Amino acid sequence: MLHDRILVTTEGEDGERKSGGGILIPATVQMGRRLAWARVVAVGSSVRALKVDDRVLFDPDERAEVELQSKVYLLLRERDVHAVAAERITDGHAGLYL
């Protein structure tokens with residue numbers, strides 16, 4: 001990976017979603033502008049805030065797909081990431097950081 005690029009995978013993130021009221025929403029439903037979660041697979045040398053295995057929130061419209069060894073990955077810039085999910089929430093932390 002070069003510069004500020006990150007390679008992410010959305011495996012396991014797609015599929016049906018459940019609303020707060022328990023209603024199943026199929027993956028084929030077109031929603032308005034919706035952000036998506038992905039897991040970081042590789043980072044470039046200039047990436048400062050992310051590391052491999054971080055779970056990141058990004059806009060699916062601002063991406064480039066690449067296929068490597070029969071798997072589809074997304075190529076993003078670090079600045080295209082809106083948030084990073086914390087694996088463990090400690091006292092005084094919100095659980096997400098920008």
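Owing to the predicted nature of the structure, the values given are computational and were not obtained by experimental measurement. Below, all heavy atoms of this structure are taken into account, side chains as well, without hydrogens, waters or symmetry copies.
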Not counting sequence neighbours, list each pair that qualifies as a salt bridge (charged side-chain N to carboxylate O under 4.0 Å, His left out) and has a residue in residues 65-80. D4-R77, R63-E65

Please assess V40 against K51 for the test side chain to side chain contact (heavy atoms under 4.5 Å, CB included), listing each intermediate value before the final yes or no. CA-CA 7 Å; V40 176; K51 62 183 187 299; over 6 Å; no

Interatomic spacing from CZ in F58 to CG in L35 - rounded to 0.5 Å: 9.0 Å

Passing option when R39 is tested against D54, V8, D53 for side chain to side chain contact (heavy atoms under 4.5 Å, CB included): D53

Report the residues that fulfil side chain to side chain contact (heavy atoms under 4.5 Å, CB included) with L2, sequence neighbours left out, ordered by chain and then residue number. none

Partner set under side chain to side chain contact (heavy atoms under 4.5 Å, CB included) for V66, not counting sequence neighbours: L7, L68, Y73

Tell me the closest heavy-atom pair linking V84 and V81, and the distance in Å. CG2-CG1, 4.3 Å

